[in-house]
Visitor: 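Quick one: the structure is below, and I'll ask about it shortly.
We're numbering straight along the sequence, starting at 1.
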Amino acid sequence: MRYPYAFAFAFLCVMILVPFVRMLALKIGFVDRPNGRKIHKAPIPLSGGVAIYAGAVLTCAIFVQHAALFRAIATGGALLVAIGLVDDAFKSKGKDFPVWPRLILYTLVSYIPCAFGIAIQGVSSPSFSSMILFSEGWSILFTMLWVFALINMMNFIDGVDGLASGISVISALTLFVASLVGHQETTALAALAIAGSCLAFLTYNFHPARIFMGDAGATFLGYMLAVIAMDGTLKGATFLSLLVPLLALGVPILDTAIVFARRLIKGKGLHHADNLHTHHSLMKWGLSQVQTVSFLYLIAAVFALMSVVVLLLLRSG
């Protein structure tokens, strides 16, 4: 019975907070200004990440009875929101924040789940007859790679109104189902905290967006989804269970793979911003923002259904 309350609480928190953080951002000029690479034509407040973080963390503080999971989410999320706000502040002044401070902090944050005992501990052997347990060093390495990747992947897809928030809703609900199947109540509640927060934010962020989540929100969402997926299915993954989080987060993973391949082909740096993302390509082909986002929602829903099929196979096996 706590599930609908957690979802509703997160939803209401963000619905109430967004108008306040939006008004404050407009007052101090904390806005994303249009340029040649961006799609929007007018300055848009960049403060949405603060509302998403507050809604998700407050919900977890009240409903998630798992101290390690809550502390990992709150601590890592706070650091990401902090440096994300610095990055967004540079954007509001028409400047670029250096990439290296972000990468260093993202790396440090990627270790935080390990510090709270949340880590990828092993995978099943190819014969499925036994588990291959990682040493502490390999466990930390694989955990950090997973978290670091998702932080960046979610940030990469945040380029069209409503895309990152909508994809996060679908991914979080898929992880919620996975947690229910695995009888992991606390992970399920954390997933609903993200789903409720992002659905509320989407009401303000869908085209035409009245507020952006900024780097602060996108990196936090990537981090929280990575930690939830890891706590729910990746700690000791069989081959099939490994597919569940990969499919649940299929859109940002696929988009990043495509973008990196295109950048390598063109000889560009992997971290340089450009117009090579999937949503940019769809719009170049003539789709509107709403059509582009709707198409990518559909792809995310297909991945989610595939993830549910995998869950059913695991349960029947």
Visitor: Please check this pair: side chain of Asn205 against backbone of Gly162, looking for a donor-acceptor N/O pair closer than 3.5 Å.
Guide: yes
Visitor: Main chain of Lys91, side chain of Arg33: is a donor-acceptor contact present, judged purely on distance under 3.5 Å?
Guide: no
Visitor: According to a hydrophobic-cluster definition based on side-chain heavy atoms being under 4.5 Å apart (Ile, Leu, Val, Met, Phe, Trp, Tyr only), do Leu175 and Leu173 belong together?
Guide: yes
Visitor: With the side chain counted from C-beta on, respond yes when Leu103 and Trp100 share a heavy-atom pair under 4.5 Å apart, and no when they do not.
Guide: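 Touching, per the 4.5 Å side-chain cut-off.
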Visitor: Are there more than 12 heavy atoms of other residues, nucleotides or ligands under 6.0 Å from atom CZ of Phe90?
Guide: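 Result for CZ/Phe90: enclosed.
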Visitor: What about Met154 and Leu108, same hydrophobic cluster or not, with Ile/Leu/Val/Met/Phe/Trp/Tyr joined at side-chain heavy-atom distances under 4.5 Å?
Guide: no
Visitor: Quick check against the 3.5 Å criterion: does Ser171 have a side-chain atom that pairs as donor or acceptor with the backbone of Ala248?
Guide: yes
Visitor: For residues Ile167 and Pro252, report the shortest heavy-atom separation together with the two atoms involved.
Guide: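 Shortest heavy-atom separation between Ile167 and Pro252 comes out as CG2-CD, 4.0 Å.
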Visitor: Can you hop from Leu192 to Leu17 via hydrophobic side chains spaced under 4.5 Å?
Guide: no
Visitor: Roughly how far, to the nearest 0.5 Å, is the OH atom of Tyr111 from the CZ atom of Phe116?
Guide: 10.5 Å
Visitor: Do Met283 and Gln289 make a side-chain contact, defined as non-hydrogen atoms from C-beta onward lying under 4.5 Å apart?
Guide: yes
Visitor: Using modelled atom types only, decide if a donor and an acceptor are shared between the side chain of Asn152 and the backbone of Phe148 within a distance under 3.5 Å.
Guide: yes
Visitor: Answer with yes or no whether the side chains of Asn155 and Thr219 bring together a donor and an acceptor at under 3.5 Å.
Guide: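 There is no such pair between these side chains.
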Visitor: If I compare all heavy atoms of Ser307 with all of Thr174, which pair ends up nearest, and what's the gap?
Guide: OG-CG2, 3.5 Å
Visitor: Please report the shortest heavy-atom distance between Val147 and Ser110, naming the atom on each side.
Guide: CG1-CA, 3.8 Å
Visitor: Mark yes or no for whether Arg2, through its side chain, and Glu185, through its backbone, hold a donor-acceptor pair below 3.5 Å.
Guide: no
Visitor: Determine whether Leu254 and Phe303 make a side-chain contact, defined as any pair of heavy atoms from C-beta on separated by less than 4.5 Å.
Guide: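 When only atoms from C-beta onward are counted, Phe303 and Leu254 do touch, with a gap below 4.5 Å.
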Visitor: Are any non-hydrogen side-chain atoms of Ser47 and Ile211 less than 4.5 angstrom apart?
Guide: yes
Visitor: Spell out, as yes or no, whether a donor-acceptor pair under 3.5 Å connects the side chain of Ser197 to the backbone of Ile194.
Guide: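 Checking the backbone N and O of Ile194 against the side chain of Ser197, no donor-acceptor pair under 3.5 Å is found.
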Visitor: Closer than 3.5 angstrom, by distance alone: can the side chain of Ser139 be matched with the main-chain N or O of Ile120 as a donor-acceptor pair?
Guide: yes
Visitor: Is the Trp146 to Phe142 ring centre distance short of 6.0 Å?
Guide: no
Visitor: Minimum heavy-atom separation for Ser165 to Cys198, with atom names?
Guide: O-CB, 3.6 Å
Visitor: Counting C-beta onward and ignoring hydrogens, is there a side-chain heavy-atom pair between Phe212 and Val31 closer than 4.5 Å?
Guide: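 Side-chain contact under 4.5 Å: no.
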Visitor: Please name the pair of heavy atoms, one in Ala51 and one in Val18, separated by the smallest distance, quoted to 0.1 Å.
Guide: CB-CG2, 3.8 Å
Visitor: Below 4.5 Å, heavy atoms only, C-beta onward: do Arg102 and Val99 meet side chain to side chain?
Guide: yes
Visitor: Step through it carefully: locate the ring centre of Phe63, locate the ring centre of Tyr5, and say whether they are under 6.0 Å apart.
Guide: no
Visitor: Consider only side-chain heavy atoms of I, L, V, M, F, W and Y, link residues closer than 4.5 Å, and tell whether Leu105 and Val86 are in one cluster.
Guide: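 Same hydrophobic cluster.
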Visitor: Please check: side-chain N/O of Asp231 versus main-chain N/O of Thr187, any donor-acceptor pairing under 3.5 Å?
Guide: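 Side chain of Asp231 to backbone of Thr187: no pair is present.
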Visitor: Closest heavy-atom contact between Ile253 and Leu246?
Guide: CD1-O, 3.7 Å
Visitor: Quick one: name the residues clustered hydrophobically with Phe20, using the 4.5 Å side-chain heavy-atom rule over I, L, V, M, F, W, Y, and just say none if it's on its own.
Guide: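 Result for Phe20 is Ile16, Met23.
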Visitor: Backbone N or O of Asp215 within a donor-acceptor pair of the Asp88 side chain at under 3.5 Å?
Guide: yes
Visitor: With the side chain counted from C-beta on, respond yes when Met15 and Tyr204 share a heavy-atom pair under 4.5 Å apart, and no when they do not.
Guide: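 SC-SC contact between Met15 and Tyr204 confirmed.
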Visitor: Check the orientation of Phe176 and Tyr3. Use parallel for under 30°, tilted for 30 to 60°, and perpendicular for over 60°.
Guide: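 The arrangement is perpendicular - the two ring planes meet at more than 60°.
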Visitor: Check whether any side-chain heavy atom of Leu80 lies under 4.5 Å from a side-chain heavy atom of Tyr53, and answer yes or no.
Guide: no
Visitor: Please check if Leu296 and Met153 belong to a single hydrophobic cluster, counting links between Ile, Leu, Val, Met, Phe, Trp and Tyr side chain heavy atoms closer than 4.5 Å.
Guide: yes
Visitor: Between Leu163 and Asp158, does a side chain to side chain contact (heavy atoms under 4.5 Å, CB included) hold up when you go through it step by step?
Guide: CA-CA 6 Å; Leu163 181 56; Asp158 185 30; over 6 Å; no
